[in-house]
Every structure is written in C-alpha cells, then in structure tokens.
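In what follows, chains are A, B, ... by sequence order, proteins preceding strands, each numbered from 1. Just so it is clear, the values below take in all heavy atoms, side chains as well, and ignore hydrogens, waters and symmetry mates.
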2 protein chains.
Amino acid sequence: MHILIVEDEIGIVQFLQQGLQEEGYLVTTANDGSKGFELSQNHQYDLILLDWMLPKINGLDLCKAIRIKDQLTPIIFLTAKDTVQETIAGLKAGANDYIKKPFSFEELVERIKVHFRHRKGNQELTLGTIKIDLSKHVVLKNDEEITLTQREFELLTYLIENKGKVCTRNQILKDVWDINFEYDTGVIDVFMNAIRKKLNLKIEEDYIKTIRGIGYIANDL
Amino acid sequence: MHILIVEDEIGIVQFLQQGLQEEGYLVTTANDGSKGFELSQNHQYDLILLDWMLPKINGLDLCKAIRIKDQLTPIIFLTAKDTVQETIAGLKAGANDYIKKPFSFEELVERIKVHFRHRKGNQELTLGTIKIDLSKHVVLKNDEEITLTQREFELLTYLIENKGKVCTRNQILKDVWDINFEYDTGVIDVFMNAIRKKLNLKIEEDYIKTIRGIGYIANDL
DNA sequence: GTGTTAACTTAATGTTGACTTAAGATGATT
DNA sequence: AATCATCTTAAGTCAACATTAAGTTAACAC
C-alpha cells in the first residue's frame with residue numbers, strides 16, 4: 001500500500017511518515033503542490049494525503065488537478081481549515097475525506113483503512129470458515145452463499161470488524177442502530193438469533209459468544 | 001489547567017498548542033531548554049511536556065533541573081527516542097511518562113488526563129502470572145483463557161486495581177455490589193471461592209490473601 | 001395511488017445460567 | 001476445647017438471553 005503525503009510543514013511530514021511506515025505503509029512525500037502533482041501523474045498511489053495550504057499549488061487546486069485524470073485514488077484532506085464552506089469545497093473538488101488538524105493519528109489510520117476497504121471492496125472480513133464480501137454484499141460459509149438482510153449483515157460485519165473485542169449491547173445499539181440513549185427492546189437478541197440460525201453454527205463453531213450482562217464477542221477458534 | 005510545552009519543532013508545537021487549547025487547556029510554549037527552565041522557575045504549571053532533543057539545554061537535563069525544586073508537577077517526555085535505556089534515563093530523571101513520537105493526539109490527551117487524575121499511569125491489570133484483558137473480557141493465566149462470570153470478573157478486577165491494599169468486606173460490598181449498608185450474607189465468600197477455584201491457585205501462588213476479620217488483599221509475590 | 005411483500009421492531013413466552021442465600025464443614029484464634 | 005470467621009456446597013430465585021409470533025413500517029411492483 002503506497003501513500004503519498006503532500007505537506008509542507010516538516011514536523012507533520014516526519015510525524016506522519018514515521019507513523020504510517022510503522023503501520024506498514026510505503027510512504028512518499030512531497031513538500032509542495034507542484035511536486036505533489038508531478039508525483040501523482042507519474043506514479044500510482046493507493047491513497048493521497050493532502051494539506052490545504054501548500055506552496056506553489058494549493059491543496060484544493062491540486063486535488064482538482066489530480067481528479068482530471070484519476071477519479072479513483074482516495075484523497076484525504078488534512079487541514080486546519082474546518083468551516084462548512086471549506087469542507088464542501090474540498091469534497092466538491094473530489095476529496096473523499098476531510099480530517100481536521102490537530103487530528104489523532106489513530107483516527108487517521110482508521111480512516112485510511114476505511115478507504116482501502118471501500119476501494120478494494122473486498123477487505124478480508126472473515127470469521128472462522130465464514131467470509132464476508134462487502135462488495136457483493138454476500139456472506140460465504142464453506143463457499144456456500146448465505147443471504148442476510150441489511151441489518152443482519154451490518155451486525156455481523158460489525159462484530160467481525162471488532163473481532164476479539166467485546167461489543168457491549170450499548171455499543172452495538174449505538175454503532176449499528178444509531179441509538180444513542182439507553183433503551184433496549186431486545187432487537188439485538190432477535191438479530192443475533194437470526195444470524196446464528198442462518199449461519200447454522202454448530203457447537204464446535206461457536207464463533208459468536210454471548211457474554212452475559214455485557215454483550216457479544218466474535219472470534220475465530 | 002496550565003500546560004507548558006518545551007519543544008523546538010514549530011510544526012509540532014502548533015499542532016500541540018492548537019489541539020490542547022481546543023481541549024480546554026491553557027498552553028504556554030518554549031522553543032528551547034533554557035527558555036523552558038526560566039518559565040518553569042517563575043510560573044506554576046500543572047503539567048510539562050518535554051521534547052528530548054532541545055537547543056541550549058537538552059530535555060533530560062532540563063527535567064533534572066526542574067526536579068531539583070519541584071517534585072510534583074507531572075513531566076511527560078515527548079520524543080522520538082524509544083530505547084529502553086533512554087526510557088529508563090528519562091524516568092530516572094524524574095519524568096512521569098514517556099510518549100514516543102509519532103503519537104496519537106488522543107492518546108496524549110488521555111495520558112494528560114490520567115496525570116491530572118491520579119498522577120499515576122494506568123498500568124495493565126496483572127496479578128502474578130494472571131493477566132486481565134478488559135477488551136476481551138477474559139482472564140489469562142499462563143496464556144490459558146479462563147472464563148469468569150460478570151461478578152467474578154468485577155470482583156477480581158477490583159482486587160487487582162487495589163493491589164497491595166486491603167479491601168475490607170464493606171468496601172467490596174459497596175464498590176462491587178453497590179450495597180451501601182452493612183449487610184453481609186456471605187456472597188463475597190462464595191465468589192472468592194469461585195475465583196480461587198477457577199484460577200486454580202496453588203499454595204505458592206497465593207495471590208489473594210484473606211485477612212481475617214477485615215477483608216482480602218491481592219498481591220504479586 | 002394501491003396492494004403486496006419483505007424487513008424490521010416490539011412484545012410475549014420459554015429456557016438457561018448467574019447470583020444469592022443459607023447451612024454445614026473447616027480452620028483459626030483465644 | 002470453645003468460639004467465631006471463613007470456606008464450601010447445594011438449592012432456590014431471578015434476571016438475562018433465546019426463541020417465537022405478531023404488529024409495524026418501508027420498499028417495490030403494478
């Protein structure tokens with residue numbers, strides 16, 4: 001995975017470069033807009049991080065320039081500007097995301113991952129013998145296709161994305177149902193039941209465990 | 001809450017200053033060691049962020065110098081150096097924490113909060129060979145997973161959080177069971193028994209001692 | 001628009017297992 | 001030895017979860 005960083009502040013460049021390299025990415029940097037444009041035309045990157053204020057060509061124009069030829073590579077703006085107008089301008093110019101400085105490095109990494117997932121479409125989401133194909137919106141168990149409804153799919157995906165971590169009922173309500181207050185009618189149980197039934201989990205394939213009083217946890221065995 | 005940042009890289013200074021101010025902190029900056037020392041002597045800060053490599057006086061010496069008069073103010077090193085020796089050197093010089101660049105801004109904020117709370121780092125929850133993994137809601141003993149029920153888990157966590165301190169029966173009832181009046185049916189005993197049995201503590205691993213007439217105490221040996 | 005269908009939510013019932021209690025056994029302290 | 005606190009076991013209670021069914025909403029075809 002190759003990331004291009006276009007940023008002139010040397011401290012931030014170093015910060016990002018070292019951090020992203022430690023995350024396992026290949027990183028190339030450009031310290032002004034025209035250098036960034038040149039690199040973007042002569043190489044194929046998997047993602048581009050763009051500062052707004054840049055020498056020579058500013059980030060907004062650079063973004064537009066890149067998008068003339070390339071509509072696919074995800075572009076993330078990384079900037080201190082954060083008014084609604086600017087956000088809209090950035091997104092209109094073809095950016096995929098917009099992260100406000102100062103940002104958490106973890107957040108940045110998470111967002112980068114999200115873009116790789118969407119772009120490739122088939123981020124490997126697996127749980128034991130179960131495979132999720134986000135691009136086809138399909139669940140496979142031993143190469144057999146299983147049809148899940150929207151919510152079932154979202155819930156299962158959520159659990160697998162958080163594989164190995166306990167998901168509390170409140171977290172699930174918040175992240176899957178967007179219910180931000182404490183109110184549980186038992187929806188989760190119904191859907192867990194449906195998922196388990198459809199996946200036809202045997203005793204020895206107890207991938208989704210119930211943690212009584214807390215929530216659920218998914219795990220390969 | 002007033003934070004002093006001693007750092008020479010202007011990009012990082014801006015990044016930190018803006019971020020911390022948005023978090024509601026009052027921020028003062030110094031771009032070299034002697035300026036930092038001067039400020040530290042003439043003002044009272046609630047926390048000091050220190051770069052290792054600094055012009056005029058380096059971070060390590062500055063830390064020692066500050067500690068001559070002031071042993072209380074938390075000092076956090078913020079540095080690219082991360083060998084064990086350097087960490088030890090930093091901590092020996094009187095630093096309270098050590099964050100490696102590049103760091104997540106969220107992490108930094110969390111750590112700052114921790115220092116304001118207790119001036120004590122949030123250590124991993126371990127007890128001898130036993131490790132508690134809150135995210136998995138699991139207890140590990142020699143890499144073997146042990147399943148505890150909710151209450152067992154809470155009780156054990158509570159004892160470990162108060163490692164080295166005696167927990168009276170009343171405190172336990174209050175903090176784990178939320179029973180605020182004096183009423184003991186013997187629940188604690190039952191759960192202590194269950195925990196000890198599940199953890200299968202040998203005589204030489206007597207991590208949880210009974211203090212007759214008072215309560216219990218957890219301790220690494 | 002109306003009708004039909006599938007998905008989602010709510011509610012009711014069944015089942016399980018965690019928690020509590022209490023009572024007898026064990027061990028410590030005097 | 002007598003007493004008291006703690007340990008251990010077992011049984012009853014209750015809350016959480018699983019399951020099913022019925023009600024509600026939203027999507028789609030016509």
Side-chain angles (χ1 to χ4, degrees), chain A residues 137-139 145-159 166-203 205-218, chain B residues 137-139 146-159 166-203 205-219:
Chain A
H137 204 266
V138 148
V139 178
E145 276 198 12
I146 296 169
T147 315
L148 297 188
T149 72
Q150 183 61 16
R151 273 277 149 78
E152 290 164 359
F153 195 80
E154 279 171 21
L155 176 53
L156 181 59
T157 306
Y158 181 73
L159 289 173
V166 175
C167 303
T168 68
R169 288 172 158 264
N170 279 335
Q171 279 170 358
I172 294 172
L173 282 176
K174 185 168 163 293
D175 294 335
V176 179
W177 270 268
D178 201 31
I179 293 174
N180 291 291
F181 40 90
E182 220 166 301
Y183 173 65
D184 187 355
T185 53
V187 229
I188 298 175
D189 308 62
V190 174
F191 276 86
M192 286 305 315
N193 185 238
I195 289 173
R196 281 170 169 159
K197 206 184 258 179
K198 283 193 180 179
L199 294 182
N200 189 27
L201 297 177
K202 307 267 188 320
I203 308 106
E205 314 173 303
D206 192 18
Y207 299 134
I208 301 173
K209 279 209 272 284
T210 305
I211 311 238
R212 211 159 214 276
I214 310 254
Y216 297 87
I217 186 170
Chain B
H137 203 263
V138 146
V139 178
I146 298 169
T147 314
L148 298 188
T149 71
Q150 181 60 11
R151 272 277 149 76
E152 290 163 0
F153 197 82
E154 280 171 17
L155 176 52
L156 180 59
T157 305
Y158 180 74
L159 289 172
V166 176
C167 303
T168 68
R169 289 169 159 269
N170 278 337
Q171 278 170 358
I172 293 172
L173 281 176
K174 184 168 163 294
D175 294 335
V176 179
W177 270 267
D178 202 30
I179 293 174
N180 291 292
F181 41 92
E182 220 166 301
Y183 173 65
D184 186 356
T185 53
V187 230
I188 299 175
D189 308 63
V190 175
F191 276 86
M192 286 305 315
N193 183 238
I195 289 173
R196 282 170 167 157
K197 205 185 259 177
K198 283 194 180 178
L199 294 182
N200 189 29
L201 296 176
K202 305 269 188 318
I203 308 107
E205 314 172 304
D206 192 18
Y207 299 134
I208 302 173
K209 280 209 263 299
T210 306
I211 313 267
R212 207 181 154 82
I214 312 251
Y216 297 86
I217 185 170
N219 243 321

Side chain to side chain contact (heavy atoms under 4.5 Å, CB included) for L159(A) and Y216(A)? Distances and angles first, verdict last. CA-CA 8 Å; L159(A) 289 173; Y216(A) 297 87; 4.3 Å; yes

Sub-6.0 Å ring centroid separation between W177(B) and Y158(B): no

Quantified as the angle between the terminal helix axes (five pairs each), what is the overall bend of the helix from dG1(C)-dC30(D) to dT30(C)-dA1(D) to 10 degrees? 30°

Please give me the minimum heavy-atom distance between [X] and [Y], naming the atom from each residue.
X	Y	answer
E152(B)	I195(B)	O-CD1, 3.5 Å
D184(A)	V187(A)	OD1-N, 4.1 Å
E154(A)	V176(A)	OE1-O, 3.8 Å

Just to be sure I understand the geometry, which residues of residues 191-200 of chain B put a non-hydrogen atom under 4.0 Å away from DNA chain D? N193(B), R196(B), K197(B)

Of V190(B) and D184(B), whose closest DNA chain D nucleotide lies nearer the 5' terminus? D184(B)

Mind calculating the distance between [atom1] ([X]) and [atom2] ([N]) to the nearest angstrom?
X	N	atom1	atom2	result
D189(A)	dC17(D)	CG	C1'	6 Å
K209(A)	dA18(D)	NZ	P	14 Å
I214(B)	dC4(D)	CD1	P	18 Å
I208(A)	dA18(D)	CD1	P	11 Å
I172(A)	dA16(D)	CD1	C1'	14 Å

Looking at side-chain heavy atoms only, is the closest gap between I146(B) and V138(B) below 4.5 Å? no

Hey, does I188(B) have a side-chain heavy atom less than 4.5 Å from the side chain of L173(B)? yes

At less than 4.0 Å, is any side-chain N or O atom of Y216(A) found next to OP1 or OP2 of dA18(D)? Yes or no. yes

For a quick test of reading the model: is some side-chain N or O of R169(B) closer than 4.0 Å to OP1 or OP2 of dT6(D)? yes

Is Q150(A) touching bases, backbone alone, or none of the nucleic acid, heavy atoms closer than 4.0 Å? sugar-phosphate

Touch check for R212(B), heavy atoms < 4.0 angstrom, all strands: base, sugar-phosphate only, or nothing? base

Among L155(A), L156(A), T149(A), T157(A), which one satisfies side chain to side chain contact (heavy atoms under 4.5 Å, CB included) with F153(A)? T157(A)

Side chain to side chain contact (heavy atoms under 4.5 Å, CB included) between I172(B) and T168(B), intermediate numbers included: CA-CA 6 Å; I172(B) 293 172; T168(B) 68; over 6 Å; no

Heavy-atom donor-acceptor pair, K198(B) side chain to T147(B) backbone, under 3.5 Å: yes

Going by an N to O cut-off under 4.0 Å, is there a salt bridge joining D206(A) and R196(A)? no

Going 5' to 3' along DNA chain C, between which two nucleotides do contacts with chain A fall, using a heavy-atom cut-off of 4.0 Å? dA7(C) to dA18(C)

